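The structure under discussion appears below in the form of structure tokens.
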Amino acid sequence: MRERFIYDPFVLPFMAGFIYILIYLFAGIIKTVKELPYEDRKKLGKSIFSRKIFVSIKEIFIECLIHRKIWKRNPVLGYMHMSIAFGWFMLIILGHLEVQLYCPDRVKLPYFPIFFRYFMMETETTLKGSLLFFLMDFFLLMVLTGIGLAIYKRINSRLMGMRRTTKLKIGDSIAVYTLWAIFPLRLLAESFTSGISGGSFLTRGFGLVFESFVHNEALIRPMWWAYSIALGAFFFALPFSRFMHIPTEILLIVLRNAGIKSRKTNAGYGNIELYSCSRCGICIDACQMSSAAHLDRKTTVYFMRMLRDEKGNIEEAAQQCLMCGRCVDACPVGIDSCRLKQNVRRSGSFHSPQQYQYIPPAETIRTDVLYFAGCMSHVTPGIEKAMRTIFEKAGVNYRMMDEGGGICCGRPVMLLGQEESAAVLIRKNTDIILQSNAKLLVTSCPICFKVFNEEYDLPIPVMHHTQYIEQLLDTGKISVNHTGLSVVYHDPCDLGRNSGGIYQPPRQVLYQVAYVMGNPNEREKSLCCGASVGNAVLTNDQRRKIARDALEKLTEEHPDILVTACPLCKKTFAGAGTQQVEDIAQIVVKAMDQ
């Protein structure tokens, strides 16, 4: 190939946008790193010069370019994201390769690879039909198909398995429409220039078609101007749009692989999580506030947008969440949005701490196993009664920690952001546990189980009663008979998804006493019962809609019994319909040898 020009004024819009976004990103990275605590900055520095950086590069390639997680969710949606991201990446790489191959002196000019076909001319020495020409056209076609799917998704998202998408803001609209314009304009510019600079199956073909009814050469410069303006406008709109997730997600992956985690403030890592939200809308369908109660604008993606823009009633938006973790599990970027909401609750106006110093000192009790039924078990006494039977049948030396009332584990006030009040309850419960000299703490409530494990600093293990019953069965301390009943098991949010995935122990117990039916909404996809203490502002009617919807989905195959392992879920589902609902401990007691 032979060089025709070195420079043309049409490159200016692109260059202005390019320089602007480079400065913006550099300043943003410096600000973020400065916000990180010293120990996190140390971890980040070490990870950059260790093998962790290769792990990050691999994850960036798989998740940011190929979009593996979205592929798993829906192949068409995955292809749409991949074709735009990977196709654009390859056009940039191949563009630089062309410059290096045909005019290495121009490598230092940032605009040269982007507008290569304008500046170069095909000659007799050019490898006609070269692999590079073909690849450039192939990846341009890939991006164009992705853009086509993105436009269709904006009109009808159900093709991609999504019922709803997010509403665009002004910054989003500018970025979206310029992104949609960039590649069709590139196709036109390269097609009109293909008679001079050459092309492959796409640009050459379109060039010949256009030539039959327009004067291509007259449109060459206007098209390259339009292409450059679209690129520049996209770069200027990027920081004010959802597409800011493109650079920030890369930084998030590097930070995460360095061992940096969410903290109790949204500065630093939390801020990067916030900007990494692509507002793809996948969390809208995952949220039962949307699917069952039709509160689309109360979902995570809109909370994230409000928090990022610092507009609207952010504290109220943070309260509008069941904290069930379905949106966290569905998020293709891995953003812990429940943690971000909890941080807002902690610092918000909902913070009106109640003091619990008036609670009298704990009575000294001595035992091997301490059983904490939890507040909700006291309003569903069948569970507590069943556990007493199991303890006695197994010959266990146990005591009830909260017999006759007891003290709340602290989770409800914690979810309201009242950390100081929760700390008082934690201290008082810890005293009871330490005085008991117990070797094990067992609880029936997944909410208590989660908070005892995560927020208490106890010297003894904590088990949920499903884990404990499985252990008793495995060691032969209790035995059961198969009842012949068909059951469907509901995974409580705070036992499964929110506690690292305790899915198998309850099933191992149920396999011994009943026929366990599968359900599409199990394990990670488990449904919230709607009565979550995480949401203090949901109305009773809205809660009932969520509970009924979940109950219908769980019992589609008409099991004899809906079994759960959470007293709150049991009470909620029992009141939402006529289906028989029981706790796993009650099923076990019915199947035990008498």
Side-chain angles (χ1 to χ4, degrees), residues 55-89 143 146-147 149-150 152-154 157-168 172 175-176 179 238 241-257 260-262 269-291 296 299-305 307-308 321 324-341 497-498 501 521 523-526:
V55 176
S56 295
I57 292 170
K58 180 183 175 186
E59 188 176 340
I60 289 166
F61 182 82
I62 292 174
E63 301 300 347
C64 299
L65 294 178
I66 306 300
H67 291 278
R68 177 185 57 176
K69 289 178 184 172
I70 302 180
W71 270 96
K72 286 181 180 177
R73 184 174 187 84
N74 183 287
V76 180
L77 191 64
Y79 174 77
M80 186 200 86
H81 283 273
M82 185 204 74
S83 58
I84 298 173
F86 185 67
W88 195 354
F89 172 75
V143 177
I147 296 291
L149 287 171
Y152 184 79
K153 173 174 167 279
R154 185 53 49 187
S157 59
R158 289 183 180 271
L159 174 68
M160 282 78 165
M162 296 177 68
R163 285 172 293 187
R164 299 166 187 83
T165 56
T166 51
K167 305 287 183 188
L168 297 178
D172 293 332
V176 165
L179 178 66
L238 189 62
S241 74
R242 57 200 289 181
F243 292 103
M244 195 59 193
H245 81 92
I246 297 169
T248 46
E249 186 181 349
I250 293 171
L251 181 57
L252 179 68
I253 289 171
V254 173
L255 293 175
R256 190 160 54 210
N257 287 327
I260 298 169
K261 297 178 180 175
S262 287
Y269 185 86
N271 209 28
I272 290 298
E273 282 187 303
L274 190 60
Y275 278 82
S276 296
C277 174
S278 63
R279 298 177 198 161
C280 60
I282 287 176
C283 61
I284 298 178
D285 288 341
C287 180
Q288 293 168 255
M289 299 265 292
S290 166
S291 62
D296 298 0
T299 51
T300 292
V301 66
Y302 290 104
F303 160 76
M304 299 287 280
R305 193 168 82 177
L307 187 59
R308 179 174 157 181
C321 179
C324 66
R326 278 177 63 87
C327 58
V328 177
D329 181 70
C331 178
V333 184
I335 298 170
D336 188 352
S337 51
C338 286
R339 169 69 68 177
L340 296 175
K341 289 171 189 168
R497 198 166 39 234
N498 296 343
N521 299 291
R523 298 178 185 266
E524 293 86 356
K525 293 185 173 62
S526 177

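Since the model is a prediction, treat every value here as computed from it, not as a measurement.
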For residues S290 and T299, report the shortest heavy-atom separation together with the two atoms involved. CB-CG2, 3.7 Å

Distance-minimising heavy-atom pair for C321 and K341: SG-NZ, 3.3 Å

Residues pairing under side-chain hydrogen bond (donor to acceptor under 3.5 Å, both in side chains) where one sits in residues 69-80, two or more places apart or in two chains, turn out to be Y79-T145

Can you measure from CG (N271) to CG (L252) and round to the nearest 0.5 angstrom? 11.5 Å

Establish, from distance only, whether the side-chain atoms of S262 and D336 form a donor-acceptor pair under 3.5 Å. no

V333/H245 under side-chain contact (heavy atoms from CB on, under 4.5 Å): CA gap, chis, key distance, verdict: CA-CA 9 Å; V333 184; H245 81 92; 5.5 Å; no

Value rounded to 0.5 Å, distance of CG in N498 from SG in C324: 7.5 Å

Atom pair SG/CD of C327 and Q288 - distance to nearest 0.5 Å: 11.0 Å

Heavy-atom closest pair, residues S337 and V328: OG-CG2, 3.7 Å

Just so I know, are the side chains of K261 and Y269 near enough to count as touching, which here means a heavy-atom distance under 4.5 Å? no

For the pair V176 and F243, evaluate side-chain contact (heavy atoms from CB on, under 4.5 Å) and give the outcome as yes or no after the intermediate values. CA-CA 8 Å; V176 165; F243 292 103; 3.5 Å; yes

Whether the side chain of T300 engages the backbone of C283 through a donor-acceptor N/O pair (distance < 3.5 Å, no angle test) should be reported. no

Keeping T166 on the side-chain end and R279 on the backbone end, is there a donor-acceptor pair under 3.5 Å? yes

One thing to verify: whether E59 and R256 come together as a salt bridge, which I'm taking to mean a side-chain N less than 4.0 angstrom from a carboxylate O. yes

Is the H81 ring parallel, tilted or perpendicular to the H67 ring (thresholds 30°, 60°)? tilted

Just by modelled atom types, is the S278 backbone N or O under 3.5 Å from a matching donor or acceptor in the R242 side chain? yes

Gap between atom NZ of K153 and atom CE of M80 - 0.5 Å precision: 5.0 Å

Closest approach of R305 and L168, non-hydrogen atoms and distance? NH1-C, 4.4 Å

What pair of heavy atoms forms the shortest contact from I282 to P332, and how long is it? CD1-CG, 4.1 Å

Counting C-beta onward and ignoring hydrogens, is there a side-chain heavy-atom pair between F61 and I57 closer than 4.5 Å? no

Least distance between heavy atoms, I335 atom then S276 atom: CD1-C, 3.8 Å

Donor-acceptor pair, distance only, cut-off 3.5 Å: does the side chain of R308 make one with the backbone of L274? no

Mind checking side chain to side chain contact (heavy atoms under 4.5 Å, CB included) for C64 and listing every partner two or more places apart, or none if nothing turns up? I60, E249, I250, I253

Test your reading of the model: is there a side-chain donor-acceptor pair from R497 to the backbone of S526, 3.5 Å cut-off? yes

Taking the side chain as every heavy atom from C-beta outward, state whether W88 and L179 have any atom pair closer than 4.5 Å. yes

Going from CG on L65 to OG on S83, what distance comes out if it is rounded to the nearest 0.5 angstrom? 12.0 Å

Distance (rounded to the nearest 0.5 Å) between I70 CD1 and L77 CG: 5.5 Å

